[in-house]
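Encoded as structure tokens, the structure appears first; notes follow it.
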Amino acid sequence: MVGLIQKLLFDLIESSAGEEAGREVRRRADVPQDKEFLIYEAYDDAEFRRIFASMLDVLNLGQEEAEEAFAAFFLKDSEVRWPIWFKMAKNAREFLLRQPRIHNGFATSQRDPALRAAIDDKFEVEDCDGEVIVHYKSANQLCGLYMALARRVIIHYGDNAVVKEACCMKNGAPECEIHIL
Ligand code: HEM
């Protein structure tokens with residue numbers, strides 16, 4: 001997982017629950033207290049999953065609640081940090097169709113082919129007569145985060161669209177399929 005995500009997760013934890021909560025998440029997730037997450041560097045996905053699970057315990061949050069909170073925090077940060085991506089798309093549909101390319105841009109800077117593939121292989125998107133169909137496959141199982149972010153992108157552009165999951169890895173499907181219409 002590219003460090004942008006872990007950095008922003010710790011920013012969210014510390015701004016909402018204080019620095020000690022951040023230290024406790026690091027202790028439980030077995031992450032050194034002085035480890036810095038660089039926003040363009042890829043780190044082990046398993047470490048990310050320990051951080052996310054520890055955040056749920058320390059902040060006493062359910063998965064969906066945490067995904068909603070992180071989606072709000074992440075999108076607000078992205079609007080300021082990466083304004084060009086929002087300017088380049090004239091509506092939510094265009095933004096969501098470009099989202100895998102935005103992600104894969106982070107893969108190109110990784111020298112390790114395994115880390116590069118781990119980023120590249122997570123999302124595929126299809127444009128089906130106005131409907132956006134997303135194929136998402138990741139051991140991180142963050143389809144709830146995807147849907148929370150997609151809904152916020154729709155609000156960002158003032159569009160009207162419904163986000164639905166047609167099938168989910170958590171129910172044994174080989175991938176999550178999300179439809180936005
Ligand atoms: C400017 C906007 C965005 C930027 C810069 C960005 C960047 C990133 C980066 C760097 C990662 C880590 C990738 C990895 O290591 O695999 C990530 C993960 C993720 N992003 Fe985005 N993202 C953006 C917008 C979005 C949007 C709009 C959505 C959904 C509609 C989204 C959904 C996700 C999900 C679900 C993950 C977790 C993937 C996984 O590990 O399974 N992102 N994002």
Side-chain angles (χ1 to χ4, degrees), residues 1-12 37-53 55 63-64 66-127 131-159 161-165 168-170 173-181:
M1 182 73 94
V2 173
L4 171 69
I5 304 296
Q6 295 87 325
K7 180 205 157 356
L8 290 179
L9 261 190
F10 279 113
D11 286 353
L12 170 62
F37 289 96
L38 304 175
I39 67 168
Y40 288 109
E41 196 161 316
Y43 301 85
D44 186 19
D45 267 5
E47 179 191 59
F48 162 79
R49 291 195 289 276
R50 292 199 305 276
I51 295 171
F52 196 80
M55 176 181 90
Q63 171 94 13
E64 218 173 287
E67 287 169 339
E68 278 297 338
F70 187 60
F73 193 81
F74 181 82
L75 209 74
K76 222 182 215 180
D77 178 90
S78 297
E79 286 165 350
V80 177
R81 197 185 292 269
W82 322 96
I84 188 71
W85 292 117
F86 292 88
K87 282 199 196 107
M88 278 171 75
K90 57 176 188 294
N91 53 38
R93 204 175 138 274
E94 278 191 15
F95 192 100
L96 294 172
L97 287 171
R98 190 173 280 129
Q99 175 260 335
R101 272 179 282 155
I102 297 176
H103 282 196
N104 295 353
F106 286 86
T108 54
S109 54
Q110 309 306 320
R111 263 184 272 152
D112 178 342
L115 287 176
R116 224 172 23 239
I119 303 168
D120 270 345
D121 295 345
K122 288 178 183 170
F123 294 95
E124 256 180 60
V125 69
E126 290 175 75
D127 182 359
E131 183 172 22
V132 176
I133 301 183
V134 182
H135 302 271
Y136 167 65
K137 200 174 189 174
S138 162
N140 297 332
Q141 299 200 328
L142 291 169
C143 52
L145 175 64
Y146 182 93
M147 292 192 284
L149 280 166
R151 290 190 186 105
R152 287 184 183 274
V153 169
I154 292 163
I155 293 167
H156 171 95
Y157 286 97
D159 292 344
V162 176
V163 182
K164 275 194 201 152
E165 193 168 30
C168 181
M169 284 180 296
K170 290 178 190 164
E175 62 173 23
C176 298
E177 191 179 295
I178 298 156
H179 293 227
I180 301 132
L181 184 61

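Every number for a ligand or one of its atoms is a count from 1 in the order of the listing. Computed from a prediction, not measured in an experiment: that's the story for all the values here.
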If only atom types and distance count, is the side chain of Y136 paired as donor or acceptor with the main-chain N or O of M169 below 3.5 Å?
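Between the backbone of M169 and the side chain of Y136 there is no qualifying donor-acceptor contact (under 3.5 Å).
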So, does E165 use its side chain to make a donor-acceptor pair with the main chain of C143 at under 3.5 Å?
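Pair absent, no side-chain N/O of E165 close to backbone of C143.
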Which residue and non-hydrogen atom of the protein lie closest to [atom], and at what distance in Å?
atom: atom 37 (C) of ligand 1; value: L142 CD1, 3.7 Å
atom: atom 28 (C) of ligand 1; value: L149 CD1, 3.6 Å
atom: atom 5 (C) of ligand 1; value: W82 NE1, 3.5 Å
atom: atom 2 (C) of ligand 1; value: F95 CZ, 3.9 Å
atom: atom 9 (C) of ligand 1; value: I5 CD1, 4.0 Å

Does the pair K7/D77 count as a salt bridge with the N-to-O cut at 4.0 Å?
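Answer for the salt bridge query: no.
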Out of [options], whose heavy atom sits nearest [atom]?
atom: atom 14 (C) of ligand 1; options: R98, H103, K122; result: K122
atom: atom 34 (C) of ligand 1; options: F86, F123, Y146; result: F123
atom: atom 10 (C) of ligand 1; options: F106, F48, F52, Y40; result: F106

Mind checking whether F86 and F95 have ring centres under 6.0 Å apart?
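Centroid separation for F86 and F95: below 6.0 Å.
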Ligand 1 versus [X], non-hydrogen atoms closer than 4.0 Å: side chain, backbone, both, neither?
X: V2; value: both
X: Q99; value: side chain
X: L96; value: side chain

Could you pull out the closest heavy-atom pair between A161 and I180, with the gap in Å?
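Scanning both residues, the minimum pair turns out to be CB-CG2, 4.1 Å.
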For residues F74 and L8, report the shortest heavy-atom separation together with the two atoms involved.
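Taking F74 first and L8 second, the nearest heavy atoms are CD1-CD1, 3.5 Å.
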Any idea which atoms of ligand 1 are less than 4.0 Å away from a heavy-atom of [X]?
X: S138; answer: 39 (C), 40 (O), 41 (O)
X: N140; answer: 39 (C), 40 (O), 41 (O)
X: A150; answer: 30 (C)

Should the ring pair [X] and [Y] be called parallel, tilted or perpendicular, given that the plane angle runs from 0 to 90° and is split at 30 and 60?
X: Y40; Y: F106; answer: parallel
X: F10; Y: F37; answer: parallel
X: F123; Y: Y146; answer: tilted

Are the side chains of R49 and M1 in contact, using a 4.5 Å heavy-atom criterion?
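They are not in contact (no side-chain heavy atoms under 4.5 Å apart), so the answer is no.
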Just distances here: any N/O of S78 and N/O of ligand 1 closer than 3.5 Å?
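S78 vs ligand 1: no N/O contact under 3.5 Å.
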Y136-ligand 1 polar pair, N/O distance under 3.5 Å:
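There is such a contact, yes.
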